[in-house]
Amino acid sequence: MRLIDTHCHLDFPDYGEDLDRVIERAASRGVTRMIVPGINAASSEKAIEIAGRHHSVFAAVGMHPHEADRSGPDVISRLRDLCINSDKVVAVGEIGLDYYRKHSRAGNQRDLFRQCLDISKELDLPLILHNREAGRDLLEILRASAPRVLKGVVHCFSGDKRFLEEILALGLHISFTGSITFERPGKLKELIELVPPERLLLETDSPYMSPVPLRGKRNEPANVRYLLDVYAGAYGLRPEDVARVTTHNANRLFRLGLEEKSKVAYSIRDSLYLNITNRCTNRCTFCTRGVSDYVKGHNLKLAGEPLVDEIISYMGDIRDYKEIVFCGFGEPTVRLGAVKRISAFAKEKGKKVRLVTNGEGDLINGRPVARELKGLIDTVSVSLNAPDAGQYAGICRPVFGEGAFDSIIVFIRECREQGMDVEVTCLDLIPEQDVSQCRAIAEGLGARFRVRRLNVVG
Ligand code: SF4
């Protein structure tokens, strides 16, 4: 399990005596990357110095809003130089607004924030943002920095649902601290569920915000793992899923250089998924392949198509999995022979097998294929997404044109006739009346029906 603590103040005097041991302890608990944000020029220099001595540590350069009254053109120019001349600076931060403690005048905070945003914009560095009771001004200033796409994180999130949604709409990530583990974290837990896992980062905010069971003690990056169970509970994932997804998110956002090899067999929750091809007969308008190579932190972009024996060896020991699922960045039935051989292997081991398909297997293979899948596949999950041929062609853009839809319906019917459990799915993006019609089609064919959220696997 690899973890990334995206916010730890290791430059603070709290670590004056045992910094090396703190970093070693983090490594021994799987924390492979740590980001130390600067709160002023001296702190940023110290963060860079620590990052220079430790492979796993990276630095951010920033000036905290508390310091705004002590800022000026010299300071801004010094921060800019630090960003340019240091190898391990990966972000501009910690910057933002804090109207709660009022250690600096609000007008000075806003000026400083704008100047730091300019550094981030000019040098194409992501942001590490601080906000305390200043959400409206923070949003206004961030929006004014458009048309540039914003990259960064609002750390130690505090605010309401509306502020959260507006931050997410800007494309930013969110991180919460150990406060989510407190007995009564109140609204924080409700807010977590609104954050897509793909936008979540882990942080400790060390030396502050120690999680339960260490509340009240000095915090450190090794403790970031205590947050995993809370997120896993909120998302219905395993802690290791949360670790992988958040590590991927941070690695990509801050360009931390962790290698993420492409996966043929990949696990989410207690299922083993198989990504046997990247070819597909559709060009769905909603397909995430064009946006990212990743699903739940797994890289699904294949360099080539693996042979059946290779796929089986990638599967490893499958005893602990609830099911084996053909589901990757492509349509499995373009490799029907591989699907059948691998399914036979899984059935021999007593496993349930599910095929996630666009339902065009008959057209792809030039013959009805349901009979060939009998006894090999337990559940077929067909992604329908439209109630008629014209709409299907418009949304899913099959190479077979409008003829695809009728063939999919026949495929569903034949799978049911062969005794397979069939689930028809629609994405939650399509209009409600179309969802109702798809439901009626599915039920008319004796299939189950489910509305699926985009990018939620399983
Ligand atoms: S069927 Fe699936 S893999 Fe193929 S284009 Fe559509 S969403 Fe992408």
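Note that ligands are numbered from 1 as they come in the structure, with each ligand's atoms numbered from 1 the same way.
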J.: Quick one: closest heavy-atom pair of Leu170 and Leu150, and the distance?
T.: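 In terms of heavy atoms, the two residues are closest at O-CB, 3.8 Å.
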J.: Going by distance alone, is a donor N or O of one side chain under 3.5 Å from an acceptor N or O of the other, for Asn358 and Thr281?
T.: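 There is such a pair (donor and acceptor under 3.5 Å, judged by atom type) between the side chains of Asn358 and Thr281.
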J.: Which ligand 1 atoms are under 4.0 Å away from a heavy-atom of Phe286?
T.: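 So the atoms of ligand 1 that pass are 7 (S).
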J.: Do protein heavy atoms approach atom 6 (Fe) of ligand 1 to less than 4.0 Å?
T.: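 Answer yes: something from the protein, a heavy atom, is under 4.0 Å.
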J.: Please indicate whether Arg279 has more than 12 foreign heavy atoms, meaning atoms of other residues, nucleotides or ligands, lying under 6.0 Å from its CZ.
T.: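 Correct, the count exceeds 12.
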J.: Please determine if Asp421 and Arg448 form a salt bridge, counting it only when a charged side-chain N lies under 4.0 Å from a carboxylate O.
T.: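 Here Asp421 pairs with Arg448 in a salt bridge, since their nearest N and O are under 4.0 Å apart.
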J.: Among all protein heavy atoms in this structure, tell me which lies nearest to atom 4 (Fe) of ligand 1, with the distance rounded to 0.1 Å.
T.: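 Ranking protein heavy atoms by distance from atom 4 (Fe) of ligand 1, first comes Cys280 SG, 2.3 Å.
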J.: Of all the non-hydrogen atoms in the protein, which one sits nearest to atom 8 (Fe) of ligand 1, and at what distance?
T.: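 Going atom by atom, the protein heavy atom closest to atom 8 (Fe) of ligand 1 ends up being Cys287 SG, 2.4 Å.
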